[in-house]
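Atoms considered below: every heavy atom in the structure, side chains included; atoms not considered: hydrogens, waters and symmetry mates.
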Amino acid sequence: MILRTTITSESKSGLKERKRSTLQHALARSFRRHWQLYLLILPPVVYFIVFKYVPMVNTVLAFKDYNVIKGIWGSPWAGTKYFDLLFQNPAFMTLIKNTLLISFYSLIVGFPIPILLALALNEIKNMKFKKTVQMVTYAPYFISTVVMVSIIMLFLSPRLGIVNTIAGALGFESVNFLGNPDMFRSIYVFSDVWQSMGYSAVIYLAALAGIDPSLYEAAKVDGANRLQKIINVDLPGLLPAAVIILILSVGNIMAVGFEKIYLMQNPLNLSASEIISTYVYKMGLLNANYSFATAVGLFNSLINLILLLTVNAAAKRLSNTSLW
């Protein structure tokens with residue numbers, strides 16, 4: 001019995017060794033055959049390791065009383081002190097509310113518009129007109145954030161802005177758009193949609209180009225009109241790409257753009273424009289409270305991770321499409 005057990009354990013270890021050796025040979029053979037592809041993915045892998053994964057180690061700062069002289073690892077432990085300060089902060093609920101409202105507003109308005117644009121472009125038969133529309137809608141994506149905010153300010157300026165100039169000529173009173181907290185979210189969201197919808201539509205146009213032409217021919221034979229083709233052929237073809245983009249969008253729901261909101265902020269609209277990312281910047285860099293800012297950022301990242309995992313699981317169950 002002992003001899004049989006010994007032989008069995010030795011055979012298992014030998015089998016594991018052979019499997020390991022086979023895997024190593026397969027990897028070496030794959031690398032020799034496709035070394036160009038491995039070389040191609042090396043820069044992004046190095047980028048993510050250096051700038052994404054290595055900095056994760058420093059999230060320990062959220063649990064320490066950071067001292068510049070002692071450094072991150074030499075600073076004393078503070079436990080959950082800064083998380084307690086965050087949850088007890090009177091501004092905490094305002095930050096969460098503003099971040100969620102702007103994010104969900106952007107998602108609800110910004111998600112369907114590129115799909116509608118792609119469907120409309122796909123139905124255009126005049127190629128010159130189609131390319132012109134694509135160029136006009138795609139070009140704003142290349143405008144930098146600073147220039148974009150400058151354009152918004154010039155258009156909506158209370159005294160010299162084009163909008164108020166036209167309104168004044170029509171007999172209406174001047175409106176301080178960026179000074180009104182109730183208007184801030186709409187200005188941010190719709191200007192962002194205008195800037196990015198052409199770029200986002202490219203992904204859906206690529207998905208539409210991959211639809212089997214025989215499906216359109218079958219729909220035509222069945223007597224389907226244009227709207228029925230869109231509903232029964234185009235939309236099912238767009239569904240996998242749309243689900244993936246929706247998952248990624250919900251996963252970044254708490255990571256609403258910092259630069260644009262920070263540049264659009266002023267003392268009058270701060271009640272609607274102060275979000276978690278701008279608060280982290282002000283507390284961490286301007287006030288040099290690095291531990292507290294790290295705790296806020298870590299909390300924000302954990303919420304994003306939970307949302308991503310939840311939406312990915314729901315999408316996998318409902319549509320069999322997911323990130324993993």
Side-chain angles (χ1 to χ4, degrees), residues 43-44 46-48 50-52 55 95 98-99 101-118 121 131-166 176-181 183-206 245 248-249 251-270 272-286 293 297 300-301 304:
V46 172
Y47 167 79
F48 276 98
V50 173
F51 294 103
K52 302 295 182 180
L95 295 174
N98 289 341
T99 304
L101 284 175
I102 293 175
S103 297
F104 279 113
Y105 195 175
S106 299
L107 183 62
I108 292 169
V109 175
F111 179 70
I113 288 179
I115 297 177
L116 296 174
L117 176 62
L121 288 172
K131 290 180 179 179
T132 302
V133 174
Q134 280 187 277
M135 182 188 68
V136 170
T137 56
Y138 189 81
Y141 180 77
F142 296 99
I143 301 175
S144 70
T145 304
V146 175
V147 174
M148 185 66 204
V149 174
S150 300
I151 292 171
I152 293 171
M153 290 181 173
L154 287 173
F155 267 74
L156 303 180
S157 173
R159 290 191 300 171
L160 304 176
I162 296 175
V163 175
N164 277 309
T165 301
I166 296 173
N176 185 2
F177 292 97
L178 290 177
N180 188 339
M183 295 183 177
F184 178 84
R185 299 185 188 97
S186 296
I187 294 170
Y188 172 84
V189 170
F190 283 100
S191 63
D192 196 58
V193 169
W194 172 78
Q195 186 177 11
S196 61
M197 66 178 180
Y199 176 81
S200 301
V202 172
I203 300 172
Y204 299 112
L205 284 171
I245 293 174
L248 293 173
S249 299
N252 288 317
I253 207 80
M254 299 289 285
V256 62
F258 158 77
E259 297 91 349
K260 188 175 177 181
I261 288 183
Y262 184 73
L263 291 171
M264 290 175 63
Q265 275 186 353
N266 60 57
L268 296 176
N269 64 30
L270 204 59
S273 64
E274 187 74 296
I275 59 173
I276 291 177
S277 57
T278 57
Y279 188 71
V280 168
Y281 170 74
K282 292 172 183 177
M283 295 300 297
L285 294 180
L286 300 185
N300 192 37
S301 300
N304 273 333

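Ser191 pairs by the side-chain hydrogen bond (donor to acceptor under 3.5 Å, both in side chains) definition with Lys260, not counting sequence neighbours. Partners of Tyr188 by side-chain hydrogen bond (donor to acceptor under 3.5 Å, both in side chains), not counting sequence neighbours: none found. For Thr132, the side-chain contact (heavy atoms from CB on, under 4.5 Å) criterion is met by Val136, not counting sequence neighbours. Contacts of Tyr105 classified as side-chain hydrogen bond (donor to acceptor under 3.5 Å, both in side chains), with partners at least two apart in sequence or in another chain: Ser186. By the salt bridge (Lys or Arg N to Asp or Glu O under 4.0 Å) test, Lys282 pairs with Glu274, sequence neighbours left out. Phe111 meets the ring pair (Phe, Tyr, Trp, His ring centres under 6.0 Å) test with no other residue; sequence neighbours excluded. With sequence neighbours excluded, the residues that form a side-chain hydrogen bond (donor to acceptor under 3.5 Å, both in side chains) with Ser273 are Asn269. Considering only residues two or more places apart in sequence or on other chains, Pro112 meets the side-chain contact (heavy atoms from CB on, under 4.5 Å) condition with none of them. With sequence neighbours excluded, the residues forming a side-chain contact (heavy atoms from CB on, under 4.5 Å) with Ile166 are Ile162, Leu170, listed by chain and number. The side-chain contact (heavy atoms from CB on, under 4.5 Å) search around Phe48 returns Lys52, Tyr53, not counting sequence neighbours.
Put simply, the side chain of Asn266 gets close to the backbone of Leu178: a donor and an acceptor are under 3.5 Å apart.
Separating the CZ atom in Arg185 from the CG atom in Leu101 is a distance of 4.5 Å, to the nearest 0.5 Å. Remark: Leu263 CG to Thr278 OG1 distance equals 11.5 Å, nearest 0.5 Å. Ser196 OG to Ile113 CD1: the interatomic distance, rounded to the nearest 0.5 Å, is 9.0 Å. In this structure, OG1 in Thr137 is found 11.0 Å from CH2 in Trp194, a value given to the nearest 0.5 Å. Taken to the nearest 0.5 Å, the CD1 atom of Ile275 stands 7.5 Å off from the CD atom of Gln265. Expressed to the nearest 0.5 Å, how far CG of Asn176 lies from CG of Leu268 amounts to 6.5 Å.
Listed by first and then second residue, the salt bridge (Lys or Arg N to Asp or Glu O under 4.0 Å) pairs involving residues 140-159 amount to none (not counting sequence neighbours).
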Could you give the side-chain donor-acceptor pairs of residues 138-155 under 3.5 Å, partners two or more places apart or in another chain?
{"unit_1": "Ser144", "atom_1": "OG", "unit_2": "Val147", "atom_2": "N", "d": "3.3"}
{"unit_1": "Ser150", "atom_1": "OG", "unit_2": "Val146", "atom_2": "O", "d": "2.8"}

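Scanning all heavy atoms of the two residues, the minimum distance from Ala272 to Pro181 falls at CB-O, 3.4 Å. Between Pro114 and Ala201, the shortest heavy-atom contact is O-CB, 3.7 Å. Pairing each heavy atom of Val109 with each of Val193, the nearest pair is CG1-CG2, 4.0 Å.
Looking at heavy atoms from C-beta onward, Gln134 lies in side-chain contact with Leu205 at the 4.5 angstrom threshold. Using a 4.5 Å heavy-atom threshold, the side chains of Phe184 and Ile261 count as touching.
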CA sep, side-chain torsions, deciding dist, call: Tyr204, Ile245, side chain to side chain contact (heavy atoms under 4.5 Å, CB included):
CA-CA 10 Å; Tyr204 299 112; Ile245 293 174; 3.4 Å; yes
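Classification of the Tyr262-Phe258 ring pair by plane angle, with boundaries at 30° and 60°, yields parallel.
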